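What you are looking at is a predicted structure, and each value in this text was computed from that prediction instead of being measured.
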Amino acid sequence: MISSSDFIAQNSSSYTQEYSRFPHQVITQHHFRDADNSVASLINAINSHKMQGNFDIASKLIAENANLLAHYTIDASTINTIEEEIRNAQVMVLQKHQCVYYDETEPEYCAVGDLWEGGL
């Protein structure tokens, strides 16, 4: 079984680029809004169709109104983008941070450039 620190050490140098271009581009800002009167009836209709199992109709309504709904709904692609950008930011931090350890026991994870001050 691989520990979380071993996983981080093995994967910390590789950015993923399926949804995000961080650190080569600025992280996307989505500017989501809460539903208001301008989209409430449409969102209610979509949710009603989903609850009735009419996913084809709900999907069609979403596709037809994609521009209107863009700031009000979150899809899997948006969540995957946010998740990947957080991960890539963590990778960057792991590569750039430096820790100083004062404990006599070996730390669980040390990066290149970290300092370890052992007891005498």
Q.
Between T81 and E84, is there a side-chain heavy-atom distance shorter than 4.5 Å?
A. no

**Q.** ILVMFWY cluster membership beyond I86 - transitive side-chain contacts under 4.5 angstrom
**A.** I82

**Q.** Partners passing side-chain contact (heavy atoms from CB on, under 4.5 Å) against N44 (at least two apart in sequence or in another chain)
**A.** none

**Q.** Any residue meeting side-chain contact (heavy atoms from CB on, under 4.5 Å) with A40, in chain and number order, not counting sequence neighbours
**A.** none

Q. Between the side chains of S38 and D36, does any donor sit under 3.5 Å from an acceptor?
A. yes

Q) Going from CD on E83 to CG on N88, what distance comes out if it is rounded to the nearest 0.5 angstrom? A) 11.0 Å

Q. Tell me the ring-ring contact (aromatic ring centres under 6.0 Å, His included) pairs involving residues 37-94, sequence neighbours left out?
A. none

(Q) Main chain of L61, side chain of N65: is a donor-acceptor contact present, judged purely on distance under 3.5 Å? (A) yes

Q) Any side-chain heavy atom of L69 within less than 4.5 Å of one from I43? A) yes

(Q) Run the salt bridge (charged side-chain N to carboxylate O under 4.0 Å, His left out) test against K60 and tell me which residues pass, sequence neighbours left out. (A) E64

Q.
Set out, in order, the CA-CA distance, both residues' side-chain angles and the distance that settles side-chain hydrogen bond (donor to acceptor under 3.5 Å, both in side chains) for D56 and S59, then state yes or no.
A. CA-CA 5 Å; D56 290 340; S59 180; over 6 Å; no

Q: Establish whether V91 and Y19 are linked, either directly or via other cluster members, by ILVMFWY side-chain heavy-atom contacts under 4.5 Å.
A: no

Q) Any side-chain donor-acceptor pair under 3.5 Å between S48 and Q52? A) yes

Q: Measure the CG-CD1 distance between D75 and I62 for me, rounded to the nearest 0.5 Å.
A: 9.0 Å

**Q.** Under the ring pair (Phe, Tyr, Trp, His ring centres under 6.0 Å) test, residues paired with H30 that sit two or more places apart
**A.** F32

